[in-house]
Visitor: 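Here it is, the structure in full.
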Amino acid sequence: MSTAPGYQSPTVTVSATLPKRGIGSAVLIIPVVTGDDDQATVVTNPFLDAEAVGEIEVALRALGAKGGTDQTTRVLAPSLPVASVLAVGLGKSRDEWPGDAIRRAAGVAARSLNGTENVVTTLSELDVEATVEGLILGSYRFSEFRSAKTAPKEPRLAKVTVLSTAKNAKADAARGTNVATAVATARDFINTPPSHLYPDEFAKRARALGESVGLQVEVLDEKALVKGGYGGIVGVGKGSERQPRLVRLTHKGGKGRKAKKVALVGKGVTFDTGGISIKPAANMHHMTSDMGGAAAVIATVVLAAKQQLPIDVVATVPMAENMPSSSAQRPGDVLTQYGGITVEVLNTDAEGRLILADAIVRACEDEPDYLIETSTLTGAQTVALGSRTPGVMGNDEFRDRVATLSQSIGENGWAMPLPEELKDDLKSTVADLANVSGSRYAGMLVAGVYLREFVAEGVQWAHIDVAAPAYNTGAPWGYTGKGGTGVPTRTMFAVLEDIAEKG
Ligand code: BES
Ligand code: MN
Ligand code: ZN
């Protein structure tokens with residue numbers, strides 16, 4: 001057994017035929033569509049013969065299954081060497097399936113399996129990678145903090161056999177496994193409570209994970225941060241006994257001078273009380289997710305190493321706990337961000353931009369071609385776009401590229417503007433900038449405008465606000481359970497792959 005840090009995903013194997021034996025305890029997951037007769041119809045595949053398909057359809061129809069999206073129906077199929085069959089609906093039939101429809105169906109199927117250790121699926125004939133990702137992410141669960149009293153008794157999904165006749169099936173399955181493992185690793189970080197995940201501990205776990213895949217790791221502690229002039233990270237961190245950190249993880253995959261360099265930056269506030277500008281008590285516990293950007297960025301650079309992307313990727317991750325105390329920064333304090341810009345801290349709850357500004361300036365010293373920064377930055381993201389749509393800002397061209405890729409992989413980031421005039425709202429009477437505007441309007445965009453001040457000339461930059469999308473406080477859906485979602489890990493990885501391919 002591997003003891004490497006990070007999420008331990010199920011074992012995934014690829015087969016070009018339905019195994020004749022050894023799957024007696026398995027559930028067979030198959031996609032069904034809504035036929036012209038409005039009844040569940042098994043999607044044609046090379047693994048099941050007409051007899052098996054007929055048997056399954058008779059059983060499904062007897063139960064009233066229609067093959068609608070997200071509909072699951074479990075039936076027996078005595079002619080097949082499996083324990084049972086789980087049909088998952090895809091809705092009306094189409095010639096081509098978007099990846100996320102398959103990922104989502106696999107996720108819905110995995111969530112309905114509860115207690116099944118072994119699955120075989122033909123869903124993979126439509127899209128191997130999406131099937132693997134959906135099954136792993138849908139079966140994700142986090143029970144580290146449950147004692148025997150409430151720990152789940154049912155075993156977790158452990159063995160997945162994906163059926164596929166595609167040429168690249170093996171590589172696609174491996175990639176899907178690595179991608180889903182990265183997302184699950186980000187979820188684990190987010191779901192670990194703030195009592196157990198504070199800056200020093202987060203930094204140690206990031207180091208262990210990074211070193212396990214051969215990344216170069218550098219960690220600045222509180223002394224190094226003060227000495228280095230990281231006024232934003234120090235200012236936010238100084239209300240807490242648990243000292244701040246800055247973690248840097250480097251993947252050197254680029255060969256030759258033309259290879260692209262990408263900087264990743266992620267907000268790592270391990271808990272956000274608001275500081276002296278303290279938050280209301282209702283739902284304050286959701287602020288355990290305020291390191292969701294950091295979690296995604298760490299998972300992404302680790303994934304880049306695992307997939308051996310031929311580019312350089314450097315993650316710069318500021319970590320701090322935002323607490324009120326007699327040593328905390330006050331509204332009205334002035335701090336100096338890394339690089340020298342001075343800021344009047346009018347609201348200590350706008351702390352994310354303070355730690356991110358330091359990290360962005362540091363990241364730009366490496367002269368990257370691209371910089372992607374992501375953070376649970378503003379409640380205004382949720383007001384503008386809701387709980388599942390990340391806001392993407394930045395340089396127009398790169399922003400649009402990131403949003404388009406995000407939509408193509410089902411994380412659905414949406415491009416938003418950074419209007420020039422909003423900068424006037426960040427004027428301070430005593431310092432170069434204020435950390436909040438005096439207006440209630442466009443809070444997500446104001447935060448983006450603040451961050452833009454720190455991005456070096458010539459760097460293609462995108463900022464992804466995932467305040468709500470990083471953490472699901474609603475019901476489980478698709479391949480997303482309650483709690484940490486891992487968004488936007490897959491968006492960032494898709495962008496890295498695109499850059500590796502096209503520059
Ligand atoms: N971490 C919060 C943003 C947040 C809110 C994330 C809800 C997830 C869910 C951030 O640090 C914050 O407090 N932002 C303030 C900014 C304001 C003071 C300008 C906000 O959005 O209210
Ligand atoms: Mn805050
Ligand atoms: Zn915050």
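The structure presented is a predicted model; accordingly, all values stated were derived computationally and were not measured. Each residue takes its place number in the sequence, starting with 1.
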Visitor: Kindly compute the distance separating CZ (R207) from CZ (R248), expressed to the nearest 0.5 Å.
Guide: 13.0 Å
Visitor: Applying the side-chain hydrogen bond (donor to acceptor under 3.5 Å, both in side chains) criterion to E125, which one of T165, N45, T131 satisfies it?
Guide: T165
Visitor: Could you report the tightest heavy-atom contact between M444 and A380, atom names first, then the distance?
Guide: N-CB, 3.3 Å
Visitor: Of all the heavy-atom pairs spanning L445 and P417, show the shortest one and how long it is.
Guide: CD2-O, 3.3 Å
Visitor: At their closest point, which heavy atom of P194 faces which heavy atom of T270, and how far apart are they?
Guide: CB-O, 3.7 Å
Visitor: Do you see a donor-acceptor pair shorter than 3.5 Å between the side chains of Q407 and N412?
Guide: no
Visitor: Rounded to the nearest 0.5 Å, how far apart are CZ of R401 and NZ of K502?
Guide: 6.5 Å
Visitor: Among side-chain atoms of E373 and S375, is any donor-acceptor pair under 3.5 angstrom?
Guide: yes
Visitor: Listed by chain and number, what are the ring pair (Phe, Tyr, Trp, His ring centres under 6.0 Å) partners of Y7, not counting sequence neighbours?
Guide: Y140
Visitor: Rounded to the nearest 0.5 Å, how far does CZ of F271 lie from CZ of R242?
Guide: 10.5 Å
Visitor: Could you check whether N472 and T480, counting side-chain N and O atoms only, form a donor-acceptor pair closer than 3.5 Å?
Guide: no
Visitor: Under 3.5 Å, side-chain donor or acceptor atoms of residues 483-493 against the rest of the protein: list the pairs with distances, not counting sequence neighbours.
Guide:
| unit_1 | atom_1 | unit_2 | atom_2 | d |
| --- | --- | --- | --- | --- |
| T485 | OG1 | P469 | O | 2.7 |
| T485 | OG1 | A470 | O | 3.2 |
| T485 | OG1 | V487 | N | 3.1 |
| T489 | OG1 | G486 | O | 2.6 |
| R490 | NH1 | I409 | O | 2.8 |
| R490 | NH2 | I409 | O | 3.1 |
| R490 | NH2 | Y479 | OH | 2.9 |
| T491 | OG1 | S406 | OG | 2.9 |
| T491 | OG1 | E411 | OE1 | 2.6 |

Visitor: Regarding R388 and the six-membered ring of W477, is the cationic atom NZ or CZ under 6.0 Å from the ring centre and inside 45° of its axis?
Guide: yes
Visitor: What is the ring orientation for W461 with H463, classed by angle as parallel under 30°, tilted 30 to 60°, or perpendicular over 60°?
Guide: parallel
Visitor: Under a 4.0 Å threshold between the charged nitrogen and the carboxylate oxygen, would D312 count as salt-bridged to K252?
Guide: yes
Visitor: Could D37 and K66 be called an ion pair, given the rule that one side-chain N must be under 4.0 Å from one carboxylate O?
Guide: no
Visitor: Is K170 atom NZ crowded by more than 12 heavy atoms from other residues, nucleotides or ligands, each under 6.0 Å away?
Guide: no
Visitor: D290 and T376: side-chain hydrogen bond (donor to acceptor under 3.5 Å, both in side chains), yes or no, with the steps?
Guide: CA-CA 6 Å; D290 214 17; T376 49; 2.4 Å; yes
Visitor: To the nearest 0.5 Å, tell me how far D200 CG sits from K204 NZ.
Guide: 3.5 Å
Visitor: So, applying side-chain contact (heavy atoms from CB on, under 4.5 Å) with V119, which one of T161, V162, L157 is it?
Guide: L157
Visitor: Would you indicate whether the side-chain heavy atoms of V297 and T374 approach each other to under 4.5 Å?
Guide: yes
Visitor: Return the OG1 to CG distance between T121 and L86, rounded to the nearest 0.5 Å.
Guide: 9.0 Å
Visitor: Closest heavy-atom contact between V217 and V219?
Guide: CG1-CG2, 4.2 Å
Visitor: Where do R111 and G478 come nearest, in terms of heavy atoms and distance?
Guide: NE-O, 2.9 Å
Visitor: In plain terms, say whether D100 and R104 are close enough for a salt bridge, that is, a side-chain N and a carboxylate O under 4.0 Å apart.
Guide: no
